[in-house]
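Reviewing the structure listed below.
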Amino acid sequence: MKNTYTFLFLLLSMLLPFSSGTGCVNEDVLPQQSTTHAGWTLTWFIDCSQQTFNFTLSVKTNGWVGFGIGTHKHMFPSDIIIGFVDDQSNEAFVFDRWSSQYDTPDDDTSLGGFDNILTFSGSQSNGVTTLNITRPLSTNDSWDLPIEDKYTVVLYAYNADTDNFDSEHTTKGTVTINLFTGAILSSFNKPLFHGLVMLIAWGLLVVQGNYIARFLKGLGHLWFQLHVSIQVLVLALTIAAFIVIENYLGPSSSDHFSGVHHFFGLFIVFLAILQGFGGWLADRMYNPQRTSVPLFPDKLHIWNGKFLSIFSFATIFLGFNEIGVNNTPYIVFAIWVFVVFAFWIGMSIWEKNRQNAEVNEASSKAHSNKVPLYALFAQIFIGLVLVGTVVGEVWYQVD
């Protein structure tokens, strides 16, 4: 029980909030970036000294044009800037809006917010509408989203014919960009693949493998076979996800060491390989005549497994921030972490009481096999529901 509470304390300590980089360190103005999609071109730079996002929309249309940032690849909820250039006067009009449904976005001011467009200008020539706009990186307005140093879903849309916003877009799309670095996610979303594989491996499978090793030794040699099978699968998934994200980052990328998530991730891969070797060594060196558990390799293997769980849970939470999701995955996964520790603490108490109970050997053996097994089935079911919900939410928001 003491070890279990220590483990819980360490986990909670690791889950304290970490600040992410702003991307503005030692730079007043970040380099200008540009991207083009379906006749819609976004050119931008970030002024770190002024904390502003300065961008130009150049679109092959005489109608309205739109730019937005959202939490996933859907029209709402999203922070929208929409505008047009009058065909007669060549005067530009730009509006700060919020999209909450599949309809014309509402002005922030009509929702109780503020118009946070600092400056704008525009022109129209040879069938191309150009709008130059400046907005703060962060407005503290409930109807605006901050522009941060992480991947952001950018929405684009325009109407080929009319300036009337009530007329639906003729072209639309999304692109996922880090607006600080200009990095764009490929069609195969490698960070998403990496995140979901790690989430399943370390958020669900490891939990079951650890539980089996801790509470189901009453199954005889079967516990060992189940434990090894699950942990080998986790190691294989970890290596595959690591290769994918390394391929995405590239050998010369500075992102390997740019944040806590990356450090934790590298540490987990190292410890996972070490854990696999330690488990193999513990099996090779096992002596059925021993009267106590040796420090090396058995206890080191056990404690390394506990620290791996701590770092994996913490890294999953940090990963949510890395790919930019709303609060739902955080909340649901936090509930799952609570459930896991509730099961562990509850089973530890049950096991301690069973050991102290004066019952006959036969009933004790039958009882000791059934209760942890039923608890495992319940834990698996809850885990499939909660972790499955997190996987679905992340996929929906990011893909």
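By convention here, the first residue in the shown sequence is residue 1. Just so it is clear, the values below take in all heavy atoms, side chains as well, and ignore hydrogens, waters and symmetry mates.
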Practice problem: Please name the pair of heavy atoms, one in Ala213 and one in His227, separated by the smallest distance, quoted to 0.1 Å. | Solution: CB-ND1, 3.5 Å

Practice problem: Quickly, which of Phe264, Phe333, Trp336 forms a ring-ring contact (aromatic ring centres under 6.0 Å, His included) with Phe317? Name it, please. | Solution: Phe333

Quiz item: Taking all atoms of both residues into account, what is the closest heavy-atom pair of Leu308 and Gln275, and its distance?
Solution: CD1-CB, 3.8 Å

Quiz item: Rounded to the nearest 0.5 Å, how far apart are CG of Leu155 and CH2 of Trp40?
Solution: 9.0 Å

Self-check item: Working for side-chain contact (heavy atoms from CB on, under 4.5 Å), residues Phe263 and Leu318
Solution: CA-CA 11 Å; Phe263 276 111; Leu318 293 169; over 6 Å; no

Quiz prompt | ILVMFWY cluster membership beyond Ile80 - transitive side-chain contacts under 4.5 angstrom | solution = Trp64, Ile82, Phe84, Phe93, Phe95, Phe165

Self-check item: Side-chain heavy-atom pair Pro146, Leu137 within 4.5 angstrom cut-off
Solution: no

Quiz prompt | ring-ring contact (aromatic ring centres under 6.0 Å, His included) involving Phe114 - partner list, sequence neighbours excluded | solution = none

Quiz item: Would you call the rings of Phe267 and Phe270 parallel, tilted or perpendicular if under 30° counts as parallel and over 60° as perpendicular?
Solution: parallel

Quiz item: Judged by atom type as modelled, is there a donor-acceptor pair below 3.5 Å linking the side chain of His169 to the main-chain atoms of Tyr158?
Solution: no

Quiz item: Taking it one step at a time, do Thr104 and Asp166 satisfy side-chain hydrogen bond (donor to acceptor under 3.5 Å, both in side chains)?
Solution: CA-CA 6 Å; Thr104 305; Asp166 290 331; 3.0 Å; yes

Quiz item: When rounded to the nearest 0.5 angstrom, what is the spacing between CG in Asn353 and OG in Ser348?
Solution: 11.0 Å

Quiz item: Same hydrophobic cluster for Val29 and Leu179, using side-chain heavy-atom links shorter than 4.5 Å among ILVMFWY?
Solution: no

Practice problem: Just jot down the ring-ring contact (aromatic ring centres under 6.0 Å, His included) partners of Tyr330, sequence neighbours excluded, or say none. | Solution: Phe320

Quiz item: Apart from Val128 itself, what residues make up its hydrophobic cluster when side-chain heavy atoms of I, L, V, M, F, W and Y under 4.5 Å apart count as a link, directly or indirectly?
Solution: none

Self-check item: side-chain hydrogen bond (donor to acceptor under 3.5 Å, both in side chains) partner of Gln124, the single match among Thr129, Asn90, Thr130, Thr61
Solution: Thr129

Quiz item: Between Ile69 and Arg135, what is the shortest heavy-atom contact and its length?
Solution: CD1-NH1, 4.0 Å

Quiz prompt | Note, Pro372 side chain near Glu351 side chain (heavy atom, < 4.5 Å) | solution = no

Quiz item: Taking it one step at a time, do Thr52 and Asn54 satisfy side-chain hydrogen bond (donor to acceptor under 3.5 Å, both in side chains)?
Solution: CA-CA 6 Å; Thr52 57; Asn54 309 267; 3.2 Å; yes

Self-check item: By salt bridge (Lys or Arg N to Asp or Glu O under 4.0 Å) - contacts of Asp96 (at least two apart)
Solution: none

Quiz item: Are side-chain N/O atoms of Thr109 and Asp115 paired as donor and acceptor at under 3.5 Å?
Solution: no

Quiz prompt | Joint hydrophobic cluster, Ile81 plus Met75, side-chain heavy atoms closer than 4.5 Å | solution = no

Quiz prompt | Set of side-chain contact (heavy atoms from CB on, under 4.5 Å) partners for Ser34, sequence neighbours left out | solution = Thr41, Thr43

Quiz item: Which is it for Val371 and Trp350 under the side-chain contact (heavy atoms from CB on, under 4.5 Å) test, yes or no, and what are the steps along the way?
Solution: CA-CA 9 Å; Val371 174; Trp350 175 87; 3.7 Å; yes

Quiz item: Taking side chain as C-beta onward, heavy atoms only, is Leu30 less than 4.5 Å from Cys48?
Solution: yes

Practice problem: Return the set of residues passing salt bridge (Lys or Arg N to Asp or Glu O under 4.0 Å) with Arg290 (not counting sequence neighbours), or none when no residue passes. | Solution: Asp298

Self-check item: Donor-acceptor under 3.5 Å (Thr170 side chain, Ala160 main chain)
Solution: yes

Practice problem: May I ask you to test the Ile177-Gln33 pair for a side-chain heavy-atom distance under 4.5 Å? | Solution: no

Self-check item: Check: Thr152 side chain, Lys150 main-chain N or O, donor-acceptor pair, under 3.5 Å
Solution: yes

Quiz item: In terms of heavy-atom contacts, does NZ of Lys190 have more than 12 from other residues, nucleotides or ligands at under 6.0 Å?
Solution: yes

Quiz item: Can you name the closest pair of heavy atoms from His301 and Gly278 and give their distance?
Solution: ND1-C, 3.7 Å

Quiz item: Should Trp98 and Leu145 count as side-chain neighbours, where that means a heavy-atom distance under 4.5 Å?
Solution: yes

Quiz item: Is any side-chain heavy atom of Leu222 closer than 4.5 Å to a side-chain heavy atom of Gln225?
Solution: yes

Check residues 380-391 and write down every donor-acceptor pair under 3.5 Å in which the side-chain atom is one partner and the other belongs to a residue at least two apart or another chain.
residue : atom : partner : partner atom : Å
Thr389  : OG1  : Val385  : O            : 2.6

Exercise. Fit a plane to each ring of Phe53 and Trp44, take the angle between them on a 0 to 90° scale, and name the class: parallel (under 30°), tilted (30 to 60°) or perpendicular (over 60°).
Key: tilted

Quiz item: Between Asp86 and Ser89, do the side chains contain an N or O donor and an N or O acceptor separated by less than 3.5 Å?
Solution: yes

Quiz item: Knowing that exactly one of Thr176, Val175, Leu185 qualifies, which makes a side chain to side chain contact (heavy atoms under 4.5 Å, CB included) with Val153?
Solution: Thr176

Self-check item: Output field: ring centroids His221/Phe224 closer than 6.0 Å
Solution: yes

Self-check item: Pairs where residues 199-213 contributes a residue and the test side-chain hydrogen bond (donor to acceptor under 3.5 Å, both in side chains) is met, not counting sequence neighbours
Solution: Trp202-Thr238, Gln208-Gln379, Asn210-Gln231, Asn210-Ser309

Quiz prompt | 4.5 Å side-chain heavy-atom contact, Val59 and Phe67 | solution = no

Quiz item: Considering all heavy atoms of both residues, which atom of Gln51 and which atom of Cys24 are nearest to each other, and what is their separation?
Solution: NE2-SG, 4.3 Å

Quiz item: Is there a side-chain contact between Leu42 and Leu57 (heavy atoms, below 4.5 Å)?
Solution: yes

Quiz prompt | Partner residues of Tyr102 under the ring-ring contact (aromatic ring centres under 6.0 Å, His included) criterion, sequence neighbours left out | solution = Phe76

Exercise. Give, for atom CG of Asp47 and atom CG of Asp28, the distance between the pair rounded to the nearest 0.5 Å.
Key: 7.5 Å

Practice problem: With sequence neighbours excluded, tell me which residues meet ring-ring contact (aromatic ring centres under 6.0 Å, His included) with Tyr286. | Solution: none

Quiz item: After noting the C-alpha distance and the side-chain angles of Ile133 and Phe55, does the key distance pass the side-chain contact (heavy atoms from CB on, under 4.5 Å) rule?
Solution: CA-CA 5 Å; Ile133 304 166; Phe55 65 102; 3.6 Å; yes

Self-check item: Any donor-acceptor pair under 3.5 Å from Asn159 side chain to Glu168 backbone
Solution: yes

Practice problem: Please name the pair of heavy atoms, one in Pro136 and one in Leu118, separated by the smallest distance, quoted to 0.1 Å. | Solution: CD-CG, 3.9 Å

Quiz item: Shared ILVMFWY cluster between Phe377 and Val206, side chains joined below 4.5 angstrom?
Solution: yes

Quiz item: What about Trp280 and Val293, same hydrophobic cluster or not, with Ile/Leu/Val/Met/Phe/Trp/Tyr joined at side-chain heavy-atom distances under 4.5 Å?
Solution: no

Quiz item: Would Met198 end up clustered with Val232 when hydrophobic side chains under 4.5 Å apart are linked, directly or stepwise?
Solution: yes

Exercise. State yes or no: are the ring centers of Phe215 and Trp344 separated by less than 6.0 Å?
Key: yes

Quiz prompt | Other cluster members, Ile302 - Ile/Leu/Val/Met/Phe/Trp/Tyr, side-chain contacts below 4.5 Å | solution = none

